[in-house]
Amino acid sequence: MQRKERFEKFLDYFSTHSPEPETELVYSNPYELLVAVSLSAQCTDKRVNLTTPALFNRYPDAASLAKATSDEVFHYIRSISYPNNKAKHLVGMAQMLMKDFNGEVPDTVEDLVKLPGVGRKTANVIASVIWQQPTMAVDTHVYRVSRRIGLVPQTATTPLAVEKQLMKYIPTALVHKAHHWLILHGRYTCLARTPKCEVCPVTEICMWYSKNKKKLVN
DNA sequence: ATCCCGAGGG
DNA sequence: CCCTCTGGAT
């Protein structure tokens with residue numbers, strides 16, 4: 001099966017069964033999503049959502065967060081992965097927002113990646129979810145699922161390479177949704193260690209499944 | 001032991 | 001390219 005056909009069937013299935021996928025991070029404005037996504041590295045969304053209410057209550061905007069010390073912020077995010085790094089990044093991020101962006105979240109990937117703690121993945125999420133731009137953020141789920149199914153060549157061994165390969169085949173209008181479909185599929189079905197092939201709706205197009213199904217049946 | 005919507009630094 | 005950061009869940 002060609003990649004184009006895999007894409008078409010993958011997109012068809014989820015268009016029908018998950019027509020309006022959205023992030024599971026809880027937020028109410030661009031600033032909050034930027035903070036939440038920055039916190040989400042190597043951490044579950046559930047854990048982030050347990051942490052952000054108190055954080056947003058104490059620091060409701062970039063102005064208040066910019067005046068905080070990293071030690072103060074650390075207190076609020078200590079149950080998150082890498083709390084020291086993230087606390088420093090958040091304060092630095094807020095200070096740059098105030099200094100260079102009038103306290104607002106930038107609307108280009110180019111500007112977003114200038115912020116401390118914001119790399120290409122986070123910038124792509126903000127550009128896509130907040131600013132409705134057709135950017136594909138490649139996180140651990142998107143990377144694993146794309147390669148396992150065979151949506152991208154096995155030679156795509158970096159997040160950037162996977163991003164470019166996905167962008168070649170996904171219609172612009174579906175990039176935002178496809179990002180969430182790949183994440184949700186990875187989070188709940190195509191698990192990293194033991195993918196749940198027995199309940200997977202897209203085994204028909206899956207390269208990994210076609211190679212391993214004999215072992216799975218026995 | 002391995003993984004979770006990574007980023008920065010060497 | 002590598003390494004480190006670093007808590008919670010399974």
Side-chain angles (χ1 to χ4, degrees), chain A residues 14 18 21-27 30 32-55 70-71 73-97 105-106 109-131 133-149 151-152 155-163 166-167 170 175-196 208:
Chain A
F14 287 98
S18 178
E22 285 303 333
T23 177
E24 295 184 353
L25 293 170
V26 176
Y27 69 100
E32 290 190 358
L33 184 65
L34 179 59
V35 171
V37 177
S38 299
L39 290 175
S40 69
Q42 297 300 302
C43 187
T44 60
D45 284 1
K46 277 184 184 178
R47 175 56 49 185
V48 174
N49 289 337
L50 289 173
T51 302
T52 46
L55 183 69
S70 58
D71 285 347
V73 175
F74 176 86
H75 167 74
Y76 288 91
I77 65 170
R78 59 182 311 149
S79 68
I80 296 281
S81 304
Y82 317 137
N84 271 307
N85 284 348
K86 288 174 180 175
K88 289 171 188 166
H89 288 156
L90 286 184
V91 174
M93 180 186 83
Q95 290 175 347
M96 186 179 287
L97 288 176
V105 175
V109 170
E110 181 185 1
D111 280 342
L112 284 163
V113 294
K114 294 175 183 171
L115 298 167
V118 178
R120 186 173 185 84
K121 181 261 170 178
T122 300
N124 279 338
V125 171
I126 301 301
S128 175
V129 175
I130 297 297
W131 305 118
Q133 295 171 20
T135 57
M136 174 58 69
V138 177
D139 62 26
T140 182
H141 294 304
V142 175
Y143 182 86
R144 178 183 70 255
V145 170
S146 299
R147 286 171 50 78
R148 191 179 276 163
I149 293 178
L151 295 177
V152 302
T155 51
T157 54
T158 67
L160 183 59
V162 169
E163 176 187 330
L166 290 174
M167 292 298 285
I170 300 177
V175 169
H176 173 82
K177 291 183 179 180
H179 163 66
H180 292 300
W181 288 331
L182 288 163
I183 287 177
L184 295 174
H185 185 57
R187 184 177 297 165
Y188 297 113
T189 306
C190 197
L191 309 186
R193 276 175 279 193
T194 50
K196 297 181 175 178
W208 190 88

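A note on names: the letters A, B, ... follow the listed sequences, proteins ahead of strands, and every chain is numbered from 1.
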- Item | side chain to side chain donor-acceptor pair (under 3.5 Å) involving Arg144(A) - partner list, sequence neighbours excluded | His141(A)
- Task: Name all residues meeting the side chain to side chain donor-acceptor pair (under 3.5 Å) criterion together with Asn85(A); count only those two or more places apart in sequence or in a different chain, and write none if there are none.
- Result: none
- Message: Could you tell me the boundaries of the chain A footprint on DNA chain C, defined by atoms under 4.0 Å from its heavy atoms?
- Response: dC5(C) to dT10(C)
Who are the side-chain contact (heavy atoms from CB on, under 4.5 Å) partners of [X], not counting sequence neighbours?
X	answer
Thr158(A)	Leu160(A), Ala161(A)
Asp111(A)	Phe101(A), Pro106(A), Thr108(A), Lys114(A)
Thr135(A)	Val109(A), Asn124(A), Ala127(A), Ser128(A), Gln133(A)
Gln95(A)	Ala66(A), Val91(A)

[X] near the nucleic acid: base, sugar-phosphate alone, or nothing, with a heavy-atom cut-off under 4.0 Å?
X	answer
Arg47(A)	sugar-phosphate
Val142(A)	nothing
Pro116(A)	sugar-phosphate
Arg187(A)	base

- Using the C1' atom in both, what is the distance from dC3(B) to dC5(C), to the nearest Å? 16 Å
- Euclidean distance for C1', dT2(B) against dT6(C) (whole angstrom): 15 Å
- Message: I need the residues from residues 81-88 of chain A with at least one non-hydrogen atom less than 4.0 Å from DNA chain C; give them sorted by number, or say none.
- Response: Ser81(A), Tyr82(A), Pro83(A), Asn84(A), Asn85(A)
- Item | Nearest non-hydrogen partners of Val37(A) and Thr122(A), listed with the distance | CG1-CG2, 3.5 Å
- Task: Give a yes or no answer on whether the side chain of Ser18(A) reaches the backbone of Phe14(A) with a donor-acceptor pair at less than 3.5 Å.
- Result: no
- So salt bridge (Lys or Arg N to Asp or Glu O under 4.0 Å) across residues 78-95 of chain A, not counting sequence neighbours, yields none
- Going by the salt bridge (Lys or Arg N to Asp or Glu O under 4.0 Å) test, which pairs reach into residues 115-129 of chain A, not counting sequence neighbours? Arg120(A)-Glu163(A)
- Message: On DNA chain B, compare the nucleotides closest to Leu115(A) and Thr23(A); which residue's is nearer the 5' end?
- Response: Thr23(A)
- Message: His176(A): which residues meet the ring pair (Phe, Tyr, Trp, His ring centres under 6.0 Å) condition with it, sequence neighbours left out?
- Response: His180(A)
- With a 4.0 angstrom cut-off to heavy atoms of chain A, pull out the first and last contacting nucleotide of DNA chain B, in 5'-to-3' order. dT2(B) to dG8(B)
- Query: Does Ile80(A) or Arg193(A) map to a spot on DNA chain C nearer the 5' end, using the closest nucleotide for each?
  - Reply: Ile80(A)
